[in-house]
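The structure appears right after this line, and notes come after that.
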There are 2 protein chains.
Amino acid sequence: MSIQPKTVREQVTNQLRDDLLSGRFEAGSMLREIELASRFGVSRGPVRDAFIQLSHEGYLAYYANRGVMVRQPPNPEDRKFITSLRVEIETHVVTRGAASVDPGELKLVEVSLDRLKAACDTGKATHIALRDVEFHEAILVACGGEDMLGAWRQLCSRMLLTYTRHDNYAQTYREHFEIFTPLADGDPKATVAAIKANIR
Amino acid sequence: MSIQPKTVREQVTNQLRDDLLSGRFEAGSMLREIELASRFGVSRGPVRDAFIQLSHEGYLAYYANRGVMVRQPPNPEDRKFITSLRVEIETHVVTRGAASVDPGELKLVEVSLDRLKAACDTGKATHIALRDVEFHEAILVACGGEDMLGAWRQLCSRMLLTYTRHDNYAQTYREHFEIFTPLADGDPKATVAAIKANIR
DNA sequence: CATCTGTTAATTGTTAACATCGTACAGCGT
DNA sequence: ACGCTGTACGATGTTAACAATTAACAGATG
């Protein structure tokens, strides 16, 4: 059931994003196309594409003719604000779309939840953070929020860089399970309430 | 004083964005790398980069191995919501940073305002919409809101596609002038108030 | 007649070579 | 010693050729 990325660009982008999230690269350091290209065993092209993409997702800062730099996490004040915007977007989309979720889309949400559970069992904070985001993203897609996805991802990328909330993995899973249940029942109000309890 | 883009990619991206905004391409139609590359007299590489970038800015939808499609403008309900988020971001950034604006940055805001005025004089709605956005962007940069820029741009790109508010060009300029004045005085509260009166 | 399959043309994905830009640094002049 | 300048190096920017994928279609097959 795993959705394997087809193109090299996607693979490089995903791998790089994971590395960024797990703190493999120091914030403020420059990334070199050649070095990463040889590490992944590909040419500079896809790495370049990934740089552009990740710059737009907010992980990297692009400097013409000089390369990309790993961005610093947002300060606490901005982080708080970003979180509130994120909640607003999810609330908006879920409120509008939770009552008419396609069964197929819902199934994908369930798959995401299962993966999150698996990640919680392993106890690796990095993986949990990723699965967490993927679960919320699946919800947005299920509720027909594709139009909001770009802006939402921007905000999430800035947050993930400071993700440190997973001290109790069992609870992390439970919170998300409690988002899924009302969504499966087509209850927007309860879903939104669960989301607001989860994101903080 | 005009900031000429140095790289071909930037030029192609900007030109394409302008074309998209002025409705040169029909919503839902596919864009081909070769066709645009030959139109701009460059190779496919930079066009490809521009496609990735504009996809992330929200103008295009990317389909692997099949190309990019011109996106539809958001529905009125989403548009309204997007507007409110945009106001929130600008309010947040200006509130925090308007009191300590660097003189150099402020000068750039003024330049943007002058350009907006020039666009208003020409009466071309497309140009006005672009300059409008650039003015607001300059304010965000001046107030130290680089961290929010990505998310903000995402939202703006979705709005611009339905920009039709310019029936009175003189007033458009005046509204922005009344944003600039309190900003130059370092008055966050009044600046925010003027912004809220302008964005709707 | 509907469906499946193999071919084909068109388009995107990837690569490696070449062009250009920016930085560091040695050498010169003051 | 200080500052300027030119040069060399390493990096990104761009290009064109080649590979892989997709969608459409003709023809075979049930």
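Given the structure is predicted, the values throughout are model-derived calculations rather than measurements. By convention in this document, chain letters (A, B, ...) are assigned in the order of the sequence lines, proteins followed by strands, and residues within each chain are numbered from 1.
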Problem - Sugar-phosphate, base or nothing in reach of B/Y62, heavy atoms under 4.0 Å - result: sugar-phosphate
Exercise for the section: Select base, sugar-phosphate, or nothing to describe what B/R48 touches, counting heavy atoms under 4.0 Å on all strands. Expected result: base
Handout entry: d(CD1, A/I34; P, C/dT15) in whole Å
Key = 15 Å
Handout entry: Gap between atoms CD and C1', on A/E35 and D/dT12 respectively (whole Å)
Key = 15 Å
Exercise for the section: Tell me whether the OP1 or OP2 atom of D/dT12 has a side-chain N or O from B/K6 closer than 4.0 Å. Expected result: no
Practice task
Take A/R44 and B/E33, find for each the nucleotide of DNA chain C with the closest heavy atom, and name the residue whose nucleotide sits nearer the 5' end.
Solution key: B/E33
Practice task
Would you kindly say whether B/D19 and B/Q15 are connected by a side-chain donor-acceptor distance under 3.5 Å?
Solution key: yes
Practice task
State whether A/R39 and A/E35 are salt-bridged, where the test is any N-O pair (Lys NZ or Arg NE/NH1/NH2 against Asp/Glu carboxylate O) under 4.0 Å.
Solution key: yes
Exercise for the section: In plain terms, say whether A/E134 and A/R131 are close enough for a salt bridge, that is, a side-chain N and a carboxylate O under 4.0 Å apart. Expected result: yes
Handout entry: Integer-rounded Å distance: D/dA11 C1' and A/M69 CE
Key = 17 Å
Exercise for the section: Remember a base hit wins even if backbone is also touched, and classify A/G67 as base, sugar-phosphate or nothing at under 4.0 Å, heavy atoms. Expected result: sugar-phosphate
Practice task
Mind calculating the distance between CG (B/D49) and P (D/dT15) to the nearest angstrom?
Solution key: 11 Å
Handout entry: Shortest side-chain distance from B/R9, nucleotide among D/dT14, C/dG13, D/dT12
Key = D/dT14
Exercise for the section: Nearest whole angstrom, please: distance from the C1' of C/dA24 to the CE of A/M30. Expected result: 15 Å
Exercise for the section: With the side chain of A/T7 defined as its heavy atoms from C-beta on, choose the nearest nucleotide among C/dG13, C/dT15, D/dT15. Expected result: C/dG13
Practice task
Please report, rounded to the nearest Å, how far the C1' atom of C/dT11 is from the OH atom of B/Y63.
Solution key: 17 Å
Exercise for the section: Determine: side-chain N/O of A/R66 to OP1/OP2 of D/dA11, distance under 4.0 Å, yes or no. Expected result: no
Handout entry: A/R66 charged N/C atom sitting above A/Y63 aromatic ring, 6.0 Å / 45°
Key = yes
Exercise for the section: Give a yes or no on whether a salt bridge exists between A/K6 and A/E10, defined as a side-chain N under 4.0 angstrom from a carboxylate O. Expected result: no
Handout entry: Between P of D/dA23 and CZ of B/R32, the distance in whole Å
Key = 13 Å
Handout entry: Residue whose closest nucleotide on DNA chain C lies nearer the 5' end, A/N65 versus B/F51
Key = B/F51
